[in-house]
Amino acid sequence: MTEIPVAATLVLVRDGHAGAIEVLLLQRPDRGSFPGGWVFPGGRVEPVDEAADEETTARNAAVRETAEESALVVDPAALVPLSQWIPPEQLATKFHTWFFVARAPEGELRLQHAEAIDATWIRPADALKRHGKGDLRLFPPTWVTLDTLLAYPTVDAALTAIGGRAPQRYATKQDPARALAIWEGDEAYDGGADSDEGPRHRLHVGSLPWRFERR
């Protein structure tokens with residue numbers, strides 16, 4: 001089996017207004033990975049990022065990519081692991097992606113326009129609402145991450161809670177017929193049939209707004 005290359009994403013958070021954090025989203029050009037989508041800074045691991053272990057390598061990549069794309073520089077040691085995403089088999093281009101979260105640093109945001117054509121600081125709830133209206137294109141890992149961050153009113157609360165648990169692992173399986181992304185813990189993950197009271201861990205992506213189901 002061919003080894004899936006590693007990538008890294010950095011979710012920069014800052015304290016906003018009215019008891020909600022804000023995150024930095026970048027809009028990708030209409031080409032390449034996630035065309036036209038709004039994403040967190042990040043990209044694939046390069047040789048310069050290599051370290052003794054995969055997590056440290058991913059930290060280095062997340063920091064480097066964020067600096068290249070936004071000119072914002074973060075200490076790799078300040079990154080808190082949030083999740084790991086393993087893509088579905090159907091995808092032609094696959095990356096095993098580490099997601100980290102960190103407090104946004106001081107500094108001027110300057111975009112590398114080959115990688116990002118626009119940027120915004122936005123509350124997770126507002127980003128999800130705009131996506132649900134069709135005004136802002138998201139992909140499932142970004143959508144789920146924003147949904148996860150809804151629980152935290154401040155950066156301190158987010159970093160403390162996320163740092164106190166193991167990173168969530170999302171090995172994604174797709175059910176195209178039902179327009180579902182399914183993760184471990186869902187009764188259909190290994191091909192089982194749905195029951196009325198069975199466990200759920202899935203995202204309904206067939207129509208807007210998307211709906212996350214977990215029980």
Side-chain angles (χ1 to χ4, degrees), residues 3-16 20-28 33-34 37-87 94-112 115-116 119-124 127 138-172 183:
E3 185 175 352
I4 300 175
V6 176
T9 291
L10 181 51
V11 183
L12 292 178
V13 292
R14 70 182 188 185
D15 288 314
I21 60 175
E22 296 176 339
V23 301
L24 176 64
L25 290 179
L26 308 180
Q27 187 180 25
R28 295 298 188 205
S33 299
F34 308 111
W38 289 83
V39 300
F40 306 110
R44 68 181 299 165
V45 164
E46 301 291 351
V48 70
D49 305 315
E50 292 292 342
D53 60 89
E54 184 177 282
E55 180 180 334
T56 303
T57 297
R59 285 174 181 268
N60 293 339
V63 168
R64 176 185 53 77
E65 287 282 346
T66 298
E68 290 176 358
E69 294 175 358
S70 70
L72 298 177
V73 179
V74 184
D75 182 348
L79 275 57
V80 178
L82 173 64
S83 57
Q84 295 182 54
W85 289 81
I86 295 84
K94 303 180 182 69
F95 291 95
H96 171 181
T97 305
W98 285 75
F99 274 57
F100 299 94
V101 61
R103 187 184 302 273
E106 298 292 333
E108 180 185 355
L109 183 66
R110 297 193 305 275
L111 299 182
Q112 181 188 72
E115 299 289 342
T120 185
W121 288 97
I122 189 170
R123 298 186 305 175
L138 300 175
F139 290 84
T142 308
W143 194 101
V144 171
T145 300
L146 290 166
D147 184 77
T148 299
L149 294 174
L150 290 175
Y152 308 118
T154 66
V155 173
D156 285 343
L159 295 179
T160 298
I162 294 166
R165 64 172 184 250
Q168 175 73 52
R169 186 174 184 273
Y170 293 92
T172 306
W183 298 290

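These figures come from a predicted structure and were not determined experimentally.
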Member of H96, E55, R169 meeting the side-chain hydrogen bond (donor to acceptor under 3.5 Å, both in side chains) criterion with Q84
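Single pass found, and it is H96.
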
Do [X] and [Y] come within less than 4.5 Å of each other through their side chains, counting heavy atoms only?
X    : Y    : answer
V23  : W121 : no
T66  : L24  : no
T142 : W38  : no
R59  : P81  : yes

Test: side chain to side chain donor-acceptor pair (under 3.5 Å). Region: residues 144-154. Which pairs qualify, not counting sequence neighbours?
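Residue pairs passing side chain to side chain donor-acceptor pair (under 3.5 Å), neighbours aside: Y152-R165.
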
Taking only residues two or more places apart in sequence or in another chain, which ones pass side chain to side chain donor-acceptor pair (under 3.5 Å) with [X]?
X    : result
D49  : R64
R14  : E22
W143 : none
E115 : none

How close do [X] and [Y] get, heavy atom to heavy atom, and via which atoms?
X    : Y    : value
A8   : A61  : CB-CB, 4.1 Å
A157 : P153 : CB-CD, 4.1 Å
L149 : P124 : CB-CG, 4.0 Å
L159 : V101 : CD2-CG1, 3.9 Å

Would V6 and T97 count as a side-chain contact (heavy atoms from CB on, under 4.5 Å) if you check the C-alpha gap in whole Å, the side-chain angles of each, and the deciding distance to 0.1 Å?
CA-CA 6 Å; V6 176; T97 305; over 6 Å; no

Any residue meeting ring pair (Phe, Tyr, Trp, His ring centres under 6.0 Å) with Y170, in chain and number order, not counting sequence neighbours
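Testing Y170 for ring pair (Phe, Tyr, Trp, His ring centres under 6.0 Å), a comparison that skips the adjacent residues, returns W85, W183, H201.
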
How would you list, by chain and number, every residue that makes a ring pair (Phe, Tyr, Trp, His ring centres under 6.0 Å) with F100, sequence neighbours excluded?
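Testing F100 for ring pair (Phe, Tyr, Trp, His ring centres under 6.0 Å), a comparison that skips the adjacent residues, returns W98.
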
OG1/T9 to CG/L82 distance, rounded to the nearest 0.5 angstrom?
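Nearest 0.5 Å value for the OG1-CG distance: 10.0 Å.
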
What's the separation between atom CG in L26 and atom CG in L109, rounded to the nearest 0.5 Å?
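These two atoms lie 7.0 Å from each other.
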
side-chain contact (heavy atoms from CB on, under 4.5 Å) involving [X] - partner list, sequence neighbours excluded:
X   : answer
P5  : R44, F95
A51 : T56, T57, N60
V74 : L10, L12, A78, L79, A102, P105

By salt bridge (Lys or Arg N to Asp or Glu O under 4.0 Å) - contacts of D156 (at least two apart)
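For D156 the salt bridge (Lys or Arg N to Asp or Glu O under 4.0 Å) partners, ignoring immediate neighbours, are R103.
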
Applying salt bridge (Lys or Arg N to Asp or Glu O under 4.0 Å), can you list everything that pairs with E69, at least two apart in sequence or on another chain?
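Per chain and number, E69 pairs via salt bridge (Lys or Arg N to Asp or Glu O under 4.0 Å) with R28.
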
Please answer whether the main-chain N or O of L72 pairs with a side-chain N or O of S70 as donor and acceptor at a distance below 3.5 Å.
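Yes.
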
